[in-house]
Amino acid sequence: MYALVDCNNFYVSAERVFQPQYKGVPVLVLSNNDGCVISRSAEVKALGIPMGAQFHKIQEEVKHFNIKYFSSNYTLYADMSARVMNNLARFTPDIEIYSIDEAFLGLFGFKDLYNYGQRIKQTIEHNTGIPVGIGIAPTKVLAKVANKIAKKSTGVCLLETPADVTAALQHFPIEDLWGIGRQYAKKLNQQGIFTAQQFIQLPLQWVEKNMTVTGARIWRELQGEVCMELQTSHDPKKIISTAKGFGKLTDNYQELREATADYTARLAAKLRNEQLCASVISLRLLCNPFRKDLPQYNPGCSFALNHPINNTIELSKAAQYALSKVYTPGILFQKVEITFTGLLSEKEVQLHLFTGYKSKKYNQVANAIDDLNTRFGPGTIQTATAARQQAWAMRRKHLSRNYTTSWSDILRVR
DNA sequence: TCTGGGGTCCTAGGACCC
DNA sequence: TCTGGGGTCCTAGGACCC
């Protein structure tokens with residue numbers, strides 16, 4: 001049997017752990033640049049504010065219902081996530097961390113699963129302060145179904161027998177199934193399919209033809225056949241990229257150079273953290289797609305590096321070169337997207353005959369920068385290009401403190 | 001003024017190989 | 001009149017996830 005453990009409105013819950021006065025009142029968390037709503041407490045959902053609502057458009061509700069709001073604080077959420085996962089790992093040797101707020105547990109040969117689920121739930125809430133819902137079923141797709149049902153009832157839902165499963169699928173909306181997005185839901189609705197139970201009555205051939213093998217796997221898993229094993233060790237990443245919007249639109253070359261340098265440095269640190277090297281770099285400038293009144297032009301380029309690298313200085317040079325190739329004066333850009341692909345493990349990279357010695361030197365510098373930034377906070381050491389005014393920096397006016405990762409932000413108890 | 005960010009998987013079609 | 005067959009690799013586009 002598989003369990004899916006999912007944190008309830010995770011970002012809101014993480015904020016509430018350190019500001020318990022906001023329990024029981026409407027709270028929401030905003031996306032980067034404080035643009036739209038990405039996490040809502042039950043009270044906010046009850047007010048009818050949808051996921052993704054633009055923050056500036058709901059000002060009246062925010063005032064009227066006294067809704068508390070936060071900019072997203074990923075440092076805090078990542079640390080709280082690690083706490084939840086560490087606690088979960090005590091309940092089974094088989095755990096797949098699926099996302100920042102979800103994990104699948106393999107409960108193979110475990111007995112009395114409903115009570116075990118309740119124990120997991122209580123332990124997580126007690127040790128981390130984060131409320132969770134747990135679905136337990138014979139396959140991962142069914143565990144996802146059970147999880148949705150759990151959140152509407154006691155917080156734990158066990159689908160053990162075929163009769164349990166059928167009863168659950170009977171009323172389960174097709175669009176809520178894991179792996180069925182907007183497009184597939186539309187296609188299925190056109191066939192007269194509205195519930196999961198109706199879906200599994202479709203012929204497999206139709207599913208394969210119209211929804212490829214991905215759809216067929218969902219179909220099989222719903223019938224209790226395991227097609228998706230637990231992924232307890234995650235495969236090495238194939239792509240590392242960033243595409244964060246600026247706090248404003250800009251056509252200023254200097255600002256784009258700064259943003260490029262800053263994002264590249266962060267990505268390079270991520271590469272080193274994963275012990276990977278990149279062999280291809282891509283860069284693209286993006287306009288705001290919602291501004292139909294402005295020209296839409298998203299120039300990009302991509303090229304192979306001379307040899308796979310992960311140090312900030314060389315990668316920054318490559319990124320600045322790419323930027324110089326695509327920069328177009330007079331176009332207002334909203335984002336720079338930087339992507340590293342052709343990722344190789346550091347250990348597999350062969351030394352380059354002519355530049356290998358140089359890389360070694362650069363890598364020592366990069367390691368020193370990482371150490372200093374870890375010890376004294378991100379951005380302590382930067383390349384000169386990155387360290388300017390940051391007029392383009394992201395808006396996050398309502399940021400909470402880094403309660404768990406920064407000594408100066410730690411809570412004081414009187 | 002104001003609309004997130006970072007990923008994965010699958011397929012079709014074209015280029016290329018011997 | 002008539003123009004092979006079997007295969008790999010790469011890319012773009014589309015779908016999906018949280």
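Because only heavy atoms are used, hydrogens play no part in the values below, and waters and symmetry mates are left out as well, while side chains stay in.
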Positional range of nucleotides in DNA chain B within the contact set of chain A, heavy-atom, under 4.0 Å: dC2(B) to dT11(B)

task: Name the nucleic acid region contacted by Gly52(A), choosing base, sugar-phosphate or nothing; use a 4.0 angstrom heavy-atom cut-off, strictly under.
output: nothing

task: Could you tell me whether Phe55(A) contacts a base, only the sugar-phosphate backbone, or nothing, with contacts defined as non-hydrogen atoms closer than 4.0 Å?
output: nothing

task: Would you mind classifying the nucleic acid contact of Tyr98(A) as base, sugar-phosphate or nothing, using non-hydrogen atoms under 4.0 angstrom?
output: sugar-phosphate

- request: Would you mind classifying the nucleic acid contact of Leu249(A) as base, sugar-phosphate or nothing, using non-hydrogen atoms under 4.0 angstrom?
  value: nothing

query: What does Lys270(A) touch in the nucleic acid at a heavy-atom separation under 4.0 angstrom: a base, only the sugar-phosphate, or nothing?
result: sugar-phosphate

- prompt: Taking atom types as modelled, is there a side-chain donor on Ser41(A) or Glu43(A) under 3.5 Å from an acceptor on the other?
  reply: yes

message: For the C1' atoms, the ones on dG4(B) and on dC17(C), what distance do you get once it is rounded to whole angstrom?
response: 15 Å

task: Indicate, with yes or no, if the rings of Tyr11(A) and Tyr74(A) have centres closer together than 6.0 Å.
output: yes

field: Under 3.5 Å on both distances, the Watson-Crick or G-U partner of dC18(B)
entry: dG5(C)

- prompt: Side-chain donor-acceptor pair under 3.5 Å between Thr250(A) and Glu255(A), yes or no?
  reply: yes

task: Mind checking Lys57(A) for me? I need base, sugar-phosphate or nothing, with any heavy atom below 4.0 Å counting as a touch.
output: nothing

- request: Please confirm whether the backbone N or O of Gly133(A) pairs with a side-chain atom of Asn147(A), one donor and one acceptor, at under 3.5 Å?
  value: yes

- request: Would you indicate what Asp101(A) reaches in the nucleic acid, counting non-hydrogen atoms under 4.0 angstrom: base, sugar-phosphate, or nothing?
  value: sugar-phosphate

- line: Result for 5'-nearest mapping on DNA chain B, choosing between Asn32(A) and Lys237(A), is Asn32(A)

- request: Verify whether one side chain among Asn9(A) and Ser39(A) offers a donor that lies under 3.5 Å from an acceptor in the other.
  value: no

query: So what does Leu30(A) hit on the nucleic acid, given a heavy-atom distance under 4.0 Å: a base, only sugar-phosphate, or nothing?
result: nothing

- request: For Ile100(A), report the nucleic acid contact type (base, sugar-phosphate, nothing); a contact means any heavy atom under 4.0 Å.
  value: nothing

query: Contact class for Ser72(A) vs. all strands (heavy atom < 4.0 Å): base, sugar-phosphate, or nothing?
result: nothing

message: Regarding Arg291(A), tell me which of base, sugar-phosphate or nothing describes its non-hydrogen contacts under 4.0 Å with the strands shown.
response: sugar-phosphate

query: Hey, would you say the Phe333(A) and Phe246(A) ring centroids sit under 6.0 Å apart?
result: no

- request: Scan Lys335(A) against the nucleic acid and name what it touches under 4.0 Å (heavy atoms): base, sugar-phosphate only, or nothing.
  value: sugar-phosphate

- request: Mind telling me whether Tyr98(A) and Trp178(A) have parallel, tilted or perpendicular rings, with 30° and 60° as the class edges?
  value: perpendicular

query: Using a cut-off of 4.0 Å on non-hydrogen atoms, how would the nucleic acid contact of Lys144(A) be classed: base, sugar-phosphate, or nothing?
result: sugar-phosphate

- request: Identify whether any heavy atom of Gln183(A) sits under 4.0 Å from a base atom; if not, whether one sits that close to sugar-phosphate; answer base, sugar-phosphate or nothing.
  value: sugar-phosphate

- prompt: Given that Cys36(A) and Ile239(A) both sit by DNA chain B, which one's nearest nucleotide is further toward the 5' end?
  reply: Cys36(A)

- prompt: Side chains of Ser302(A) and Ser282(A): donor-acceptor distance under 3.5 Å anywhere?
  reply: yes

